[in-house]
Amino acid sequence: MPNLSFVSPTRNSPWGTYLSQIDAVEPYLGKLARWVETLRRPKRALIVDIPIELDNGSIAHFEGYRVQHSLTRGPGKGGVRYHPDVTLEEVMALSAWMTIKNAAVNLPYGGAKGGIRLDPKALSLKELEKVTRRYTSEIGIIIGPQQDIPAPDVNTNGQIMAWMMDTYSMNTGATATGVVTGKPIALGGSLGRVQATGRGVFVIGREAMRRLHIDMEGARIAVQGFGNVGSIAAKLFAANGAKVVAVQDHTGTILNESGFDMQNLLDHVAATGGVGGFKGGDAIANDDFWKVKSDVLIPAALEGQINKERAEGLQTRLVLEGANGPTTPDGDAVLADRGIVVVPDVIANSGGVTVSYFEWVQDFSSFFWTEDEINVRLDKIITGAFKHIWDTSEIHRTSLRTAAFVVACTRVLEARVERGLYP
Ligand code: GLU
C-alpha cells in the first residue's frame, strides 16, 4: 500500500478495496503501468469544519470532506453523502470510484466525492440547511461548474442540491445552475435524474442477464437497500416481468416467494419510511437475506456488504452492484471461485452520473430535453459502455470489474501521458 500518512486502510476497508482493484488491473496496463501510482493517490483532499448553531441554541461542529481523486479527464464529479460513518478514507475511495466510473462510461470528468459525518435523522430541516450551506461555502474554494460538480448520494437529495446551488451562487454573485446536478427541475434540474441510477441498474442488469441467458420473465430478484436506487431498480425489474422476492433495508428484511406487489410495497415505504412491517410478505432474520435463492442480487445500500462469509453462502447467479463498493476483495475472490458473475458498481450504477452529465450539459446550453430523450440516450450510452467492458473481459479473460478498470484506467492514464507531468 502506498505511504499516505493520513489514512490507514485495511485490506477490506473502502480505500483498501480500491487499492486492491488497482493492483488487479496493473498487469493489463502495458506501458501505462509506469503511471499507475497516480491512481493510488487522490489529487486533492479538503477537510472542513462545519460549525452551526442548533435549534436549542448550542453550537455543534461537524466534519466534512471533498476529495478530488482525479481531474485528468475533466472537472471533478461525484456526490455528497451525509452519514454518521463518513470518514476521509471512505470519501477517498468513493472519489476514486467516480474517476473509474466516469472514465468507464467515457464521461468528460475526473472523479470527486464529498461527505459530512452526521446523522441526518437527528437534525431538523433548518439545521440541515445550515450544515449544507456552511459546507458548501467551505468547499466553495474548490468546486464550480468547470472545476468540480457535486450531486446527491446517500441521504442527500434535490433540496440539498438547491441549497448548495443557492449558496455557491450567492457567494460568487451570479446564478450558477451548473455547479451541482440532481437539482429540482425548477432550478435547472433534469427530467429523469431522480430515477436515473435505479434505471441504469435495471438497464445494465437486463444486458448482463441477456448475455448469461437468465430469462427476465419470472427471474428472482433480491434487493438490499430500498432508497432511491434499490426501489426504482426493483420497480423496473418487476414491471418487466421479474419477481422481486426479497428486500432488506434499515427497518428489516421481507420475503415473498411469489414476488411482492411493488405498488403496495412502495406505498408502505412512502407511508412508514421502510420495508419493515409490510403485510404483503414475511419478515425474516436480517442474516437470512444473504441465503435467499435468487437469480439476481442487487446490493444497493452501503460498502462492504458482501464479505467472504456472505459470499460463501450466496445463492444467486448474478450480483448487480447498485451501491458503491458493496463487495470486499475477499468477497469478490469467493464469488469468482464460485462462478457468480459480478457486474461492478462502476458500470452497474453509472446511470446516475450519466444523467448528471446530461443535466450539466443542459444547464450550459439552457436548452432542456424531454424525459424520453434522456432515457433513450441513457440507455444507449451505458449499454454501449457495458458492451465494451464485457468484450474487454472476454479478451483478457478477467472479471467484469477488472475489465471495467482496464477500460477506465487506460483512458485516465492515456490522458495523463498526453497532458505530461508538470513542471
Ligand atoms: N452519487 C452518484 C454516484 O455515486 C451520482 C454522482 C453524480 O451524479 O455526480 O455515482
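Counting starts at 1 for both ligands and their atoms, in listed order.
- Nearest heavy-atom pair across Ile100 and Ala408 is O-CB, 3.3 Å.
- Of the protein's non-hydrogen atoms, Lys77 NZ, 2.8 Å is the one closest to atom 9 (O) of ligand 1.
- When only non-hydrogen protein atoms are considered, atom 8 (O) of ligand 1 lies nearest to Ser356 OG, 2.5 Å.
- The shortest N or O to N or O distance between Asp153 and ligand 1 is below 3.5 Å.
- In terms of the ring-ring contact (aromatic ring centres under 6.0 Å, His included) criterion, Phe368 has no residue partners (sequence neighbours excluded).
- Listed by number with element, the atoms of ligand 1 under 4.0 angstrom from any heavy atom of Met98 are 3 (C), 4 (O), 6 (C), 10 (O).
- Within the 4.0 Å heavy-atom criterion, neither part of Met161 lies near ligand 1.
- In this structure, the side chain of Asp332 does not engage the main chain of Leu335 through any donor-acceptor pair within 3.5 Å.
- The shortest heavy-atom distance from Pro152 to ligand 1 is under 4.0 Å.
- When side chains are defined from C-beta on, Lys113 does not count as touching Val67, because their heavy atoms never get closer than 4.5 Å.
- Of the charged side-chain nitrogens involved, at least one lies within less than 4.0 Å of a carboxylate oxygen, so that Arg81 and Glu303 count as a salt-bridged pair.
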Begin from the C-alpha positions of Thr132 and Tyr82 and carry the test side-chain hydrogen bond (donor to acceptor under 3.5 Å, both in side chains) through to its verdict.
CA-CA 10 Å; Thr132 301; Tyr82 289 180; 2.8 Å; yes
So Thr197 and Asn228, side-chain hydrogen bond (donor to acceptor under 3.5 Å, both in side chains) or not? Walk me through it.
CA-CA 8 Å; Thr197 312; Asn228 187 40; 4.9 Å; no
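- Listed by atom number, the atoms of ligand 1 under 4.0 Å from Lys113 heavy atoms are 1 (N), 3 (C), 4 (O).
- In this pair, Tyr357 and Trp360 present their aromatic rings tilted. The plane angle is within the 30 to 60° band.
- In plain terms, the two heavy atoms of Gly205 and Phe237 that are nearest each other are CA-CZ, 4.1 Å.
- Taking atom 6 (C) of ligand 1 as the reference point, the nearest protein heavy-atom neighbour is Gly79 N, 3.7 Å.
- Relative ring orientation between Phe405 and Tyr18 is described as tilted, the plane-to-plane angle lying within the 30° to 60° band.
- Contact between Arg81 and ligand 1 is absent, with no heavy atom of the residue lying under 4.0 Å from the ligand.
- Those atoms of ligand 1 with a heavy atom of Gly78 less than 4.0 angstrom away are 9 (O).
- Neither the backbone nor the side chain of Glu359 has any atom closer than 4.0 Å to an atom of ligand 1 (non-hydrogen atoms only).
- The distance from ligand 1 to the heavy atoms of Ala151 drops below 4.0 Å at these ligand atoms: 7 (C), 8 (O), 9 (O).
- The nearest heavy-atom contact from the protein to atom 5 (C) of ligand 1 is Arg193 NH2, 3.6 Å.
- Proximity of Leu94 to ligand 1, defined as any heavy-atom pair under 4.0 Å, is not found for any part of the residue.
- In the vicinity of Lys101, heavy-atom distances shorter than 4.0 Å reach the ligand 1 atoms 3 (C), 4 (O), 10 (O).
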